Amino acid sequence: MSAPYAKLPAWADYGLIPLVNLAVAFIVAGLVVLLVGENPFRAAVILVEGAFGRGQGIAYTLFYATTFIFSGLSVAVAFHCGLFNIGGEGQGYIAGLGIAIVCLSLDSVLPWYLLFPIAIAAAALFGALWALIPAWLQAKRGSHIVITTIMFNFIAASIMVYMLVDVIKPVGAMAPQTRNFLDGAQLPKLNWLIELFGFAKIRSAPFNISFILALVMAWLVWLLIWRTKLGYEMRTYGFSPKAARYAGISETRIILVTMMISGALSGMMALNPTMGDQHNVALDFVSGAGFVGIAVALMGRSHPVGIVLASILFGMLYQGGAELSFEMPNISRDMIVIIQGLVILFAGALEHMFRPAIQALFASLSPKSVGMAEAGKGA
Amino acid sequence: MDFFNVAVQTLDSTIRLSVPLLLACLAGLYSERSGIFDIGLEGKMLAGAFASAAAASVFHSAWIGLGMGILISVALALVHGFASITHRGNQIVSGVAINFVAAGSTIILGQAWFQQGGRTPALAPGERFEAIVFPGADAIRDVPIIGPIYSELISGHSLLVYIAFLAVPFTWWVLFRTRFGLRLRAVGENPAAVDTAGISVEWLRYRAVICTGILTGIAGAYLAMVQNAGFVKDMTAGKGFIALAALIFAKWKPVNAMFACLLFGFLDAIAIRLQGSPLPVIGKVPVQFMQALPYVLTVVLLAGFIGKAIPPRAGGVPYVKER
């Protein structure tokens, strides 16, 4: 297959085009706001103020962002290997089971700093194992990983409903959730970090230590993808499975390992809402964060730095969206779902829509920048 | 006799539950046979349901509702086509995007236009598709065996149910007995060959996704105007994905698709019927197990443990003309 598009300078490729795509997504979202009968500019101001205006808002923004960093990294790792892990939602949900087992059995015995590593391991393990089955089926039986991971989301949901309603729920309780975790399984808050910057005292925001874990994971993913042999093999396989096979990279191994890493990252996403915020494992606690990861990874172009930035943007949408729904009752938080969809559409599926136009623009401004003057020299 | 009545009732609800699956499954069949993967069936169905319920309640006409449902669903299908055919984007990503846009906008617009928490106003009898009673259905109702089968199972459904089941032989005929169908299947297997023959790959695929849009629109209209009397938020509840599972289960063949959808509809009907009451021999089966069964079966089938499901060869790959 011939390469459909010519090269652009790196800053246009990684900066300009994503920004243009994002801008179009928000313009279309603005049209929806207009359709609802509200002023999109006022909505945008309320949204940004709600997310960054006060320390409380910032803490919530970063709290939401934490979860999205994990799910975004999970999708990105799989992307680098040419796999589309759409099952982050299910992997995170199942990881809740691992967290529940660890926390319910150890929270009266261990302090949080000993329990947290065990919970991380359990969440990662459960997530990884839930991703392992689709990975194995893809590698060994040739079934399409997108379809199997979608199916596994539904299967995970059924299992968790069964576990929470019929098995884990305390006797006599009505709500389908575990008992509340004791102090040992409650993560310390990081709100003081924001107060350091001179914001007023934050009363109650669930911004917690797992944010640090998310940043560490982002760094580790960068290290893995661009600085290790395994990462090189993953990228090779993602770029051309044929070339990878020719180079002697084991297809089965690379698919299994990548998907397990991806699943482990999705699993860790469950730490933030359970141990960091609600202090229990409840029905449907993931609430779509796994899918936000797809938008985040696409927007961040699968690079950890981009993912962290995109996660903060989505955290802003979640927190600001909550404020917005107070001010404009017609715009509930479901507006975020639309924006999410539009971002996935314009930054993902239609990412090349504006490329020809931008290329033509660059070519007319300076032919050199798109490699036209260097034709014949060889790339 | 009691067992017989229960069986007829269960089969009757099987038919009702499998109709939206069947329509969505056939919808996916057109698209995927032409080489365009579509995991946006769910979203198109949801948007179709909302549009049809909204239009039906505003214009007081079931037909305008159906038309509007089809229109909106086709519009979303064209967005999918625009992204994946014209701009050669990732088809999975585009499908995911459509699901989200539909899920969010139906709630936001529903709340803004009707102020009922994302619902549309309940449809009056004239604004829905009524049950069609076949001639003589009431007369022979009391005849043993044949009576209930004729008057409950065969007669007494809405028009859309019959359309859904007639769409099965029609789809078979289109795909395997017309020139359009032959080309559609060819473009899903080997687009380069179709292109060489001087036929536009893009236009063929666009026509395929339009067929998909029409059928998901009808599926949505069925949900909102026949199964329910109005739109409820997130009313598709994963049916688009079960339809996708059924499509794989049916190995991308129309008649198989009908049986797969009937099977999944039957599982659903059984799950509703049992609701915690114990089965003979096996004992009590958790409802969740029955709900997960279609997905589990699909995974097992995909893994090649019961026959092999081989998708159209060019599925998911955007076509680039060699230059």
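Worth saying up front: this structure is predicted, and the values here are computed from it rather than measured. The sequence lines fix the lettering, A, B, ..., with proteins before strands; numbering per chain opens at 1.
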Go through the steps for V36(A) and W113(B) under the test side chain to side chain contact (heavy atoms under 4.5 Å, CB included), then give the verdict.
CA-CA 8 Å; V36(A) 165; W113(B) 291 343; over 6 Å; no

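Interface remark: I39(B) contributes side-chain atoms only to the contact with chain A (heavy atom separation under 4.5 Å). Contact annotation for S84(B): neither backbone nor side-chain heavy atoms come within less than 4.5 Å of a heavy atom of chain A. If you measure heavy-atom distances from I159(A) to chain B, you find no contacts under 4.5 Å at all. If you measure heavy-atom distances from I107(B) to chain A, the contacts under 4.5 Å come from the side chain alone. Contacts between Q115(B) and chain A at a heavy-atom distance below 4.5 Å involve the side chain alone, from C-beta outward. No part of F346(A) comes within reach of chain B, as not one of its non-hydrogen atoms sits under 4.5 angstrom from that chain. When heavy atoms are compared at a cutoff of 4.5 Å, Y162(A) approaches chain B by way of both its backbone and its side chain. Residue F289(B): no heavy atom, backbone or side chain, is found under 4.5 Å from chain A.
Taking CZ of R88(B) as the reference point, atom CG of L350(A) lies at 12.5 Å (rounded to 0.5 Å). I248(B) CD1 to T148(A) OG1: the interatomic distance, rounded to the nearest 0.5 Å, is 8.5 Å. Note: I108(B) CD1 to E38(A) CD = 10.5 Å, rounded to the nearest 0.5 Å. H87(B) NE2 to M353(A) CE: the interatomic distance, rounded to the nearest 0.5 Å, is 5.5 Å. The OG atom of S94(B) lies 10.5 Å from the CD1 atom of I344(A); values are rounded to the nearest 0.5 Å. Rounding to the nearest 0.5 angstrom, the gap separating the OG atom in S325(A) from the CD atom in Q111(B) is 11.0 Å.
Between A97(B) and G341(A), the closest heavy-atom pair is CB-O, 3.3 Å.
Taking 4.5 Å as the limit, some side-chain heavy atom of D166(A) sits within range of a side-chain heavy atom of Q288(B). Contact of the L342(A) side chain with the F100(B) side chain is not registered, since no non-hydrogen atoms from C-beta on lie closer than 4.5 Å. Using a 4.5 Å cut-off on side-chain heavy atoms (C-beta onward), L345(A) and V101(B) make no contact.
The side-chain contact (heavy atoms from CB on, under 4.5 Å) with L109(B) is formed by just one residue from the set I338(A), L35(A), D334(A); it is L35(A).
Crowding of F266(B) atom CZ: a count of heavy atoms from other residues, nucleotides or ligands under 6.0 Å not exceeding 12. Around atom NZ of K233(B), no more than 12 heavy atoms belonging to other residues, nucleotides or ligands sit under 6.0 Å away.
When the candidates I147(A), V32(A), I133(A) are compared by the number of heavy-atom contacts under 4.5 Å with chain B, I147(A) comes out ahead.
Taking 4.5 Å as the heavy-atom cut-off, the residues of residues 235-244 of chain B that approach chain A are G238(B), F241(B), L244(B), ordered by number. Interface residues of residues 286-301 of chain A toward chain B, defined by a heavy-atom distance below 4.5 Å and sorted by number: F291(A), I294(A), L298(A).
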